[in-house]
Amino acid sequence: MHQPDDDTAHSYDPQAIEAKWQAYWDEHRTFRSLGPGDPGFDATKPKCYVLDMFPYPSGVGLHVGHPLGYIGTDIVARFKRMTGHNVLHPMGYDAFGLPAEQYAVEHGVHPRITTEQNIENMERQLRRIGLSYDWDRRIATIDPDYYRWTQWIFVQLFESCFDARSQTARPVAELVADLEAGALVATAEGGVAPTDEAGAGARGWSTLSPAERRAVIDGQRLAFLDEVPVNWCPGLGTVLANEEVTNEGRSERGNFPVYRRPLRQWMLRITAYADRLLADLEAVDWPESIKQMQRNWIGRSEGARVDFAIQGSDETLRVFTTRPDTLFGATYMVLAPEHPLVDAVTVADRRGAVEAYRTAAAERNERDRQADGKVKTGVFTGGFAVNPVTGQPIPIWVADYVLMGYGTGAIMAVPGHDQRDGDFARAMGLPIVPVVLPDAAWLAERNLTETAYLDGIAEAEEVFTGQGRGIRSANAEVSLDGLATPEAKRVITAWLAEKGLGQPQVQYKLRDWLFSRQRYWGEPFPILHGPDGEIRTVDAAQLPVELPPMENFSPEASDDPDAAPRPPLGRAPADWREVEIDGVTWRRELNTMPQWAGSCWYYLRYIDPHNDRALVDPAKERYWMAPGGVDLYVGGVEHAVLHLLYARFWHKVLFDLGHVSTPEPFGRLYNQGYIQAYAFTDSRGVYVPADEVEAQGGAYSHAGQPVQREYGKMGKSLKNAVSPDEMAEQYGCDTLRVYEMAMGPLDASKPWSTRDVVGASRFLQRVWRNFVDDRTGASRLSDTPAPEDLKRLLHRTIQRVTEDMEGLRFNTAIAALIELNNALVPREDLPRELAEPLTLMLAPLAPHLAEELWQRLGHSGSLAYAPWPACDPAWLVEDTLELALQVMGKVRGHLIVPADADAEAIEALALADAEVQRHLAGKTLRKVIVVPGRLVNIVAS
RNA sequence: GGGGCGGUGGCGAAACUGGCAGACGCGGCGGACUUAAAAUCCGCUUGGGUAACCCCCAGUGUGGGUUCGAGUCCCACCCGCCCUACCA
């Protein structure tokens with residue numbers, strides 16, 4: 001047997017070093033961030049707020065993919081401390097929500113207990129990676145001290161309304177004052193408008209009853225109750241936001257069926273902010289793909305609303321269209337099956353067919369529709385509308401290709417210029433009228449003449465949906481013939497407006513945010529319901545409204561789609577459910593907030609986590625947030641639309657109300673990639689533990705049996721998860737950090753390879769052996785000056801690493817450090833003037849090893865705030881340069897020239913080169929191109 | 001269907017505003033040290049023409065183009081991943 005003591009007594013011992021320095025950092029509170037008001041705070045230093053998307057503390061613990069972004073931000077935070085910044089780098093837990101509750105239900109323990117256990121375990125794992133968080137600022141969304149302010153923000157939303165003119169939120173009290181003063185009146189539609197702009201039927205404040213007044217006010221609040229069609233999921237016993245429902249019409253969590261049904265729910269008026277959420281994307285430094293996803297989600301489109309008269313009825317059918325210029329081609333109308341006017345337009349002998357279709361459509365979930373592809377179904381109602389420009393009666397159909405959830409739930413169908421309408425019209429034999437002439441290029445591509453196009457329109461599979469020139473679009477008052485599409489839109493919209501038949505309109509895909517859940521494990525609403533339906537908020541002094549203690553907190557799930565929602569808080573003790581104020585008994589709101597609530601503002605709380613008078617102190621908020629918000633926010637793409645849009649919305653409200661100083665919360669956003677992993681299935685298709693699979697040649701086997709390789713996410717189900725704990729045990733967390741960062745660019749997804757980890761380990765061991773003779777334990781440090789070539793290499797390395805740190809290119813920074821370190825290996829000693837900067841540059845990446853080496857260099861204390869090495873440009877200048885010699889673009893040799901040689905001299909030297917001469921033999925010299933510092937290219941023929 | 005990102009050795013990947021393709025790491029091959037092994041150190045490692053050197057040819061998904069010069073720019077196409085999806 002070997003004798004490890006003698007051999008390894010002085011070798012790199014990551015476990016000992018890492019334990020030692022993690023204890024040191026804790027004990028000395030090395031990473032505590034000082035801000036305004038803290039003793040010792042230096043306001044002259046620039047600030048840097050480096051933020052991770054905080055995790056949901058799941059019970060299964062972390063795998064090596066989870067900390068990828070955390071390691072990246074940690075490196076940035078450490079680098080910024082060394083470059084003289086005040087750094088705010090906090091961590092916390094997004095601990096409310098469905099999964100926590102389900103986990104708790106399954107394990108029969110109160111969600112708080114299981115959640116706190118999970119937090120503890122996750123934090124142990126995070127601390128072991130050596131992340132330099134200021135743990136004093138740790139928050140969890142489930143802490144009453146935290147959700148007190150989540151509730152407080154909800155109160156602000158409830159007490160605010162959106163002023164369309166100024167495009168900002170303002171207190172409801174101001175709105176009431178304007179109404180009382182007569183500056184505003186209630187409109188006929190139930191809205192609010194300036195007195196001089198209000199249309200017919202507007203009423204002054206003084207003429208309204210108290211109930212009417214309340215209705216008007218409630219209609220303006222940013223948080224409001226509304227009867228809306230929601231995604232009701234009986235299997236989970238709760239309603240879900242659109243974003244929590246899959247394309248297949250099931251719950252994202254649990255995969256239960258989801259049904260559409262109307263329920264009275266809390267809503268947040270995010271649509272009021274649609275334009276600002278869209279416009280302000282221009283001002284932030286985010287990946288273009290994320291911005292695009294948000295733009296798509298907001299889905300702004302410009303068009304017009306048009307009112308169609310219904311024959312034999314006083315009702316009008318209102319539609320939204322982006323192509324009002326095609327109005328002359330509208331040959332029929334389509335209502336969504338759920339449209340409220342379906343009954344009114346259906347004639348008696350069509351009623352049976354229409355009812356059958358509606359029932360079928362209601363049962364047909366999204367998955368069935370998906371399977372049916374583009375096959376369009378529908379049924380004629382027997383009713384007719386009147387095309388307002390042609391005066392022609394056009395049939396009204398019901399079809400499920402029109403969605404109640406967008407626009408008005410009704411369309412004017414223009415089969416000549418909309419692919420869907422065209423498909424439907426051909427299937428149903430409805431007339432198709434072309435009213436836009438395609439341009440010549442479109443026709444030429446399809447070998448069509450204008451006449452052939454117009455004649456073939458009824459049979460053409462492909463519909464012309466582009467811009468062109470109007471035809472067959474004229475009546476006695478207005479003509480679009482010959483007009484280009486944009487101009488035609490303007491003309492017809494103006495005409496419709498003049499006749500009172502339509503208006504220009506902007507439409508959004510974005511819906512208001514459904515904000516209530518029938519859950520126990522979430523923030524209670526700070527809302528009380530009065531006996532007469534009146535709603536009031538809980539006084540700020542009474543916050544937080546804490547979750548009541550309960551034995552049975554599980555939701556009442558059901559297989560019955562018609563089962564009524566019964567929130568768990570309905571079973572809370574009566575002394576919680578009911579509150580008496582001035583002799584009146586109020587009932588608490590029994591719903592809770594969705595998981596997104598707590599993550600909408602946590603980045604603000606980190607700034608001032610223990611403040612019990614405000615959600616954040618204004619001076620501290622200004623210091624850390626102004627001018628551009630969080631300086632670096634790192635997380636996964638999966639939050640591209642939900643979390644990031646909701647947080648921006650809340651932030652803008654807080655900005656309007658004067659609680660924060662920037663219009664946007666996150667100035668720079670960066671998405672880390674995913675670490676994926678190979679997984680292996682046996683002949684039965686069952687996953688086998690990936691770490692037991694052996695590879696030979698191109699084939700893989702497990703326990704002697706051949707297995708199939710797959711590639712996917714790391715996780716329990718694929719039996720391919722690798723935990724950071726096992727990596728830390730085997731190699732140390734510095735190695736884990738270096739390996740993960742060296743794998744490739746931070747924003748790329750890449751496959752985990754445990755086999756490759758040894759490369760990072762070898763690098764750190766080699767660094768160690770450059771400092772320490774691992775046989776004797778003697779220091780190799782010396783005070784001899786470094787030779788010039790190594791000094792040059794050092795300063796080139798400083799330059800490369802510094803630039804890479806700024807650009808989050810840690811993979812190439814590590815490569816540069818490896819090159820420098822490898823150049824030191826052949827030396828007997830290690831000159832101090834090389835050792836110090838090497839240690840400092842290593843510090844963000846492998847902080848424990850760097851601290852240990854720093855101590856061995858004779859420094860006391862931590863290097864966390866030691867100045868980052870400066871690159872001396874004098875050492876970047878070379879005396880001579882090596883240029884590539886090309887003949888006809890191919891490298892034929894190299895040339896060493898003085899750095900200051902001029903182009904003429906270089907050209908002469910190049911032409912004199914023997915290899916060049918050989919390749920030029922028999923050719924005529926045409927041109928010589930000299931690229932300074934790079935190459936010489938000789939063109940000949 | 002729409003939008004976005006990507007395709008470079010056996011593998012993960014480098015390559016600044018067009019300028020020596022493959023840095024760095026893994027794996028592989030050879031050597032040194034060792035009784036031996038591990039560890040470590042040194043060398044080689046895109047393919048082909050040679051077993052090796054020199055040298056030559058080809059080469060960044062495919063086919064064209066611009067340029068003295070293209071992984072990088074332009075056009076067309078193929079493949080993969082992600083998002084979105086009857087949004088009027």
Side-chain angles (χ1 to χ4, degrees), chain A residues 2 7-8 11 247 287-293 295-297 299 301 303 319-323 326 334 336 366 369-370 372-376 399-403 405-414 418-421 423-424 507-510 637-638 640-641 674 676 695 697-698 711 738-739 742-745 747-760 762-763 765-766 769 774-775 800 803 809 811-819 822 825-826 882-894 915 918 926-929 931-940:
Chain A
H2 67 293
D7 289 351
T8 61
S11 58
N247 290 332
E288 196 49 43
S289 61
I290 300 288
K291 290 189 185 184
Q292 198 53 44
M293 284 163 78
R295 287 188 197 110
N296 291 344
W297 194 260
S301 58
V319 302
F320 171 73
T321 177
T322 56
R323 292 295 300 271
T326 62
V334 184
E366 297 289 331
R369 286 203 200 177
Q370 187 102 342
D372 292 347
K374 299 263 176 222
V375 179
K376 293 201 167 37
D400 66 0
Y401 83 92
V402 173
L403 310 174
Y406 183 75
T408 62
I411 61 159
M412 64 176 216
V414 184
D418 181 286
Q419 188 66 48
R420 299 154 299 182
D421 297 343
D423 293 346
F424 188 79
Q507 187 70 42
Y508 301 93
K509 262 166 69 179
L510 183 70
V637 258
E638 68 270 23
V641 276
Y674 292 107
Q676 310 210 73
Y711 182 58
V738 170
Y739 170 66
M743 286 172 81
D747 58 357
S749 288
K750 48 236 157 181
W752 175 265
S753 173
T754 299
R755 194 177 67 173
D756 294 1
V757 176
V758 70
R762 284 182 192 149
F763 163 52
Q765 288 183 46
R766 228 172 346 241
R769 282 196 304 270
D774 63 347
R775 289 180 184 274
R800 286 171 67 185
E803 285 173 3
R809 291 183 298 270
N811 52 332
T812 48
I814 290 167
L817 289 172
I818 290 174
E819 284 181 59
N822 285 351
V825 166
E882 188 177 338
L883 305 181
L885 286 182
Q886 292 184 342
V887 178
M888 302 298 293
K890 293 189 180 195
V891 179
R892 300 299 182 183
H894 289 90
E915 278 298 317
R918 195 163 71 78
R926 297 288 176 202
K927 204 198 282 189
V928 179
I929 290 146
V931 182
R934 293 272 180 193
L935 53 73
V936 184
N937 189 14
I938 295 159
V939 185

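Here the structure is a predicted model, which is why all the values come from computation and not from measurement. Letters go in sequence order (proteins before strands), and every chain restarts at 1.
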Base, sugar-phosphate alone, or nothing: which one does [X] contact when heavy atoms must sit under 4.0 Å apart?
X: A:T321; value: sugar-phosphate
X: A:E882; value: base
X: A:P745; value: sugar-phosphate
X: A:D421; value: nothing
X: A:R918; value: sugar-phosphate
X: A:K750; value: sugar-phosphate
X: A:T408; value: nothing

Any side-chain N or O of [X] below 4.0 angstrom from OP1/OP2 of [N]?
X: A:N296; N: B:A85; answer: no
X: A:R769; N: B:C41; answer: yes
X: A:R775; N: B:U40; answer: no
X: A:K890; N: B:A58; answer: yes
X: A:R766; N: B:C41; answer: yes
X: A:R809; N: B:A15; answer: no

Nearest heavy atom decides the nucleotide; on that basis, is A:V931 or A:N937 closer to the 5' end of RNA chain B?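 Its nearest nucleotide being more 5', the pick is A:V931.
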Position toward the 5' end of RNA chain B (nearest nucleotide), A:V637 or A:D418: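 Nearest-nucleotide comparison on RNA chain B picks A:V637.
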Side chain of [X] (C-beta onward), nearest among [options]:
X: A:Q765; options: B:A88, B:U40, B:C24; answer: B:U40
X: A:E819; options: B:G25, B:C86, B:A23; answer: B:A23
X: A:Q886; options: B:A88, B:A14, B:G19; answer: B:G19
X: A:A815; options: B:C24, B:A88, B:C26; answer: B:C24
X: A:K376; options: B:C68, B:C86, B:G10; answer: B:C86
X: A:R762; options: B:U40, B:C86, B:A14; answer: B:U40
X: A:I818; options: B:C24, B:C57, B:A88; answer: B:C24
X: A:T812; options: B:A88, B:A15, B:A13; answer: B:A15
X: A:V891; options: B:G27, B:C20, B:C68; answer: B:C20

Can you label the angle between the A:Y739 ring and the A:W752 ring as parallel, tilted or perpendicular, going by 30° and 60°?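 Perpendicular: the ring planes of A:Y739 and A:W752 meet at over 60°.
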Send over the distance from [X] [atom1] to [N] [atom2], rounded to a whole Å.
X: A:I290; N: B:C5; atom1: CD1; atom2: C1'; answer: 12 Å
X: A:I814; N: B:C26; atom1: CD1; atom2: P; answer: 13 Å
X: A:Q676; N: B:G12; atom1: CD; atom2: P; answer: 13 Å
X: A:L935; N: B:A21; atom1: CG; atom2: C1'; answer: 14 Å
X: A:M293; N: B:G4; atom1: CE; atom2: P; answer: 13 Å

Determine, step by step, whether A:T812 and A:R800 satisfy the side chain to side chain contact (heavy atoms under 4.5 Å, CB included) criterion, reporting the C-alpha distance in whole Å, the side-chain angles of both residues, the deciding distance to 0.1 Å, and the verdict. CA-CA 8 Å; A:T812 48; A:R800 286 171 67 185; 5.7 Å; no
What interatomic distance, in whole Å, is found between [atom1] of [M] and the corresponding atom of [N]?
N: B:C53; M: B:U8; atom1: C1'; value: 28 Å
N: B:G27; M: B:G12; atom1: P; value: 15 Å
N: B:U17; M: B:C74; atom1: P; value: 14 Å

Tell me if the side-chain of A:D756 makes a donor-acceptor pair with the base of B:C26, cut-off 3.5 Å, by modelled atom types.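 When only heavy-atom distances are counted, A:D756 does not reach the base of B:C26 through any donor-acceptor pair under 3.5 Å.
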hbond_proxy A:R934 side chain to B:C16 base (donor-acceptor, 3.5 Å cutoff):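 Pair found.
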Between the protein and nucleotides 64-67 of chain B, list the N/O to N/O atom pairs that are separated by less than 3.5 angstrom.
none

For the backbone of A:N937 and the side chain of A:K927, can you confirm whether one donor and one acceptor N or O come within less than 3.5 Å of each other?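 No, A:K927 side chain to A:N937 backbone: no donor-acceptor pair under 3.5 Å.
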Verify, without hydrogens or angle tests, whether A:R809 (side chain) and A:E803 (backbone) share a donor-acceptor contact under 3.5 angstrom.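 Looks like yes, one N/O pair under 3.5 Å.
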Mind listing the closest non-hydrogen atom pair of A:A760 and A:V738 along with its distance?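 Closest approach of A:A760 to A:V738: CB-CG1, 3.8 Å.
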Looking only at heavy atoms, which two atoms of A:Y401 and A:A413 are closest? And how far apart?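 Nearest pair, atom of A:Y401 first, then A:A413: OH-CB, 4.4 Å.
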Under 4.5 Å between any side-chain heavy atoms of A:D421 and A:I411, yes or no?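 Yes, their side chains come closer than 4.5 Å.
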Side-chain heavy-atom pair A:V939, A:M888 within 4.5 angstrom cut-off: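 Of all side-chain heavy-atom pairs linking A:M888 with A:V939, at least one is under 4.5 Å.
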By the rule that syn is within 90° of 0, classify the base conformation of B:G47 as syn or anti.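 That one's anti.
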Would you tell me whether A:R762 and A:Q765 have side-chain atoms, one donor and one acceptor, within less than 3.5 Å of each other?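 Per modelled atom types, A:R762 and A:Q765 side chains form no pair under 3.5 Å.
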Starting at the 5' end of RNA chain B, what dot-bracket string do you get if Watson-Crick and G-U pairs under 3.5 Å are bracketed, crossing pairs use [ ], other-strand pairs use | and unpaired bases use dots? (((((((..(((......[....)))((((((.......))))))((((.....))))..(((((..]....))))))))))))....
